[in-house]
Amino acid sequence: MEKTLPVRSLRTGHRLTELGLGAAQFGNLFTETTDEESSRAVAAATEEGIRYLDTAPHYGLGLSERRLGDALRAPLRQGVVISSKVGRLLVDSPDTADRLDDDGFVVPATTRRLWDFSRDGILRSVEESLARLGTDRLDIAYLHDPDDHWGPASSSGITALTELRDQGVVGAIGAGMNQAAMLTEFVRRTDVDVVMVAGRFTLLDQSALDDLLPAARARGVGVVAAAVYNSGLLSTATVDGSAYYDYGAAPRSVVDRAARIAAVCERHGVELPAAAIQYPLRHPAVTSVVTGMRTAEHVRSNVARYRAVIPEALWEELHVTGLVPDPARMS
């Protein structure tokens with residue numbers, strides 16, 4: 001019998017599994033992988049019941065989208081929710097073709113990224129993503145990291161995505177960022193269906209709790225929580241002080257706090273990464289948690305963490321000691 005994971009629905013009717021696969025590593029993030037490894041990871045995800053997969057043109061200059069599309073040829077595409085992103089066009093760059101990408105992906109720099117939140121840029125980006133993915137629709141399209149582009153992203157960008165949603169080319173629209181403040185503005189001031197917040201609703205950073213999550217819940221906007229390991233510090237049962245935190249060296253105070261949270265988890269027979277995955281799902285506005293998965297082994301490990309039984313006493317202790325506020329216990 002095929003395994004299934006619980007789902008939560010967007011207001012558009014799209015059903016996202018509570019755990020989703022983030023495919024940045026399919027684009028050779030920091031180290032090379034292969035087409036075969038990516039295909040095995042997708043096969044493992046579908047076997048384990050994951051039905052939400054996220055990618056972007058930015059990831060490996062289109063390589064992640066291509067690999068995900070190749071792995072999801074029919075019949076695997078059926079019943080799977082795919083999200084990708086817009087705002088960074090890929091344009092030919094013959095002058096850099098002899099070197100590697102300088103944005104963290106081990107791929108030849110035959111193209112370069114060009115910020116473009118114009119109507120034409122959005123339409124072109126979606127068309128090219130559909131071609132790389134080998135599909136005729138995007139279930140979700142996010143504006144990708146529009147931190148320095150609020151004006152065009154919130155006007156021409158949203159307008160273009162709304163047009164594509166009306167045409168049925170895109171199912172749901174939103175924005176994805178590493179900050180909560182501007183996402184809150186998208187929720188309050190535009191007609192988004194879902195937002196992806198990276199690293200701002202975790203065991204170590206709850207800044208999304210202040211405004212974003214209440215606003216999203218009030219407006220019926222789904223929230224996808226990504227980067228729940230905060231770049232690695234929360235990814236192991238024993239905290240490694242040399243691990244990254246938000247893409248850089250972790251401050252000693254943050255390492256110490258992570259270690260105290262890990263100690264509480266250990267007392268309750270739970271590993272820290274399992275708590276990291278399950279914590280965001282305790283808020284009713286959160287639709288899914290997306291974690292990066294490179295291999296089939298990564299998939300199975302993350303699913304096991306998602307499925308781990310966590311006693312309520314753990315969340316209560318984290319809450320009453322002030323280490324981590326529990327949204328399920330907040331009025």
*asked:* ring-ring contact (aromatic ring centres under 6.0 Å, His included), that's the test. Do Tyr52 and His14 meet it? Break it down for me.
replied: CA-CA 10 Å; Tyr52 175 39; His14 293 85; over 10 Å; no
Quick one: does [X]'s side chain get under 4.5 Å of [Y]'s, heavy atoms only?
X	Y	value
Thr238	Asp240	no
Leu53	Leu68	yes
Arg305	Gln278	no
Leu16	Val7	no
Leu5	Arg307	yes
Thr55	Leu133	yes
Val106	Phe30	no
Leu72	Val80	yes

_Quick check on the hydrophobic clustering: are Leu318 and Leu213 connected, directly or via other members, by side-chain heavy-atom contacts under 4.5 Å?_
yes
Does [X] have more than 12 heavy atoms from other residues, nucleotides or ligands lying within 6.0 Å of its [atom1]?
X	atom1	answer
Arg257	CZ	yes
Glu37	CD	yes
Arg217	CZ	no

Which heavy atom of [X] sits nearest a heavy atom of [Y], and at what distance?
X	Y	result
Ala41	Arg294	CB-O, 3.7 Å
Leu21	Ile50	N-CG2, 3.9 Å
Val192	Val221	O-CG2, 3.4 Å
Pro108	Leu61	O-CD1, 3.6 Å
Met293	Gln25	N-NE2, 3.7 Å
Leu272	Ala237	CB-O, 4.1 Å

Does a side-chain N-to-carboxylate-O contact under 4.0 Å join [X] and [Y]?
X	Y	answer
Glu47	Lys3	no
Arg11	Asp191	yes
Arg112	Asp95	no
Asp145	Lys85	no
Arg113	Asp101	yes
Glu128	Arg124	yes
Asp103	Arg88	no

Considering only distance and modelled atom types, tabulate donor-acceptor pairs under 3.5 Å from the side chains of residues 258-270, sequence neighbours left out.
| residue | atom | partner | partner atom | Å |
| --- | --- | --- | --- | --- |
| Arg267 | NH2 | Glu317 | OE2 | 2.4 |
| His268 | NE2 | Glu317 | OE1 | 2.8 |

Spacing of [X] atom [atom1] and [Y] atom [atom2] [to the nearest 0.5 Å]:
X	Y	atom1	atom2	answer
Ser118	Leu89	OG	CG	7.5 Å
Met177	Leu212	CE	CG	10.5 Å
Ser38	Arg67	OG	CZ	4.5 Å
Asp139	Ser84	CG	OG	11.0 Å
Phe26	Thr34	CZ	OG1	10.0 Å
Phe186	Ile158	CZ	CD1	5.5 Å

*Fit a plane to each ring of His283 and Phe201, take the angle between them on a 0 to 90° scale, and name the class: parallel (under 30°), tilted (30 to 60°) or perpendicular (over 60°).*
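The rings of His283 and Phe201 stand perpendicular, inter-plane angle above 60°.
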*Could you label the plane-to-plane angle of the His144 and Tyr59 rings as parallel, tilted or perpendicular, counting under 30° as parallel and over 60° as perpendicular?*
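Because their plane-to-plane angle is over 60°, the rings of His144 and Tyr59 count as perpendicular.
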_Test salt bridge (Lys or Arg N to Asp or Glu O under 4.0 Å) on Arg51 and Glu18; report intermediate values, then the result._
CA-CA 9 Å; Arg51 295 293 182 271; Glu18 291 186 346; over 6 Å; no
*Check which hydrophobic residues are tied to Tyr244 through side-chain heavy-atom contacts below 4.5 Å, counting indirect links as well, and list them.*
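Cluster partners of Tyr244: none, it stands alone.
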*Please determine which of Val197, Val194, Leu10 meets the side chain to side chain contact (heavy atoms under 4.5 Å, CB included) test together with Val224.*
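In the set Val197, Val194, Leu10, the residue that makes a side chain to side chain contact (heavy atoms under 4.5 Å, CB included) with Val224 is Val194.
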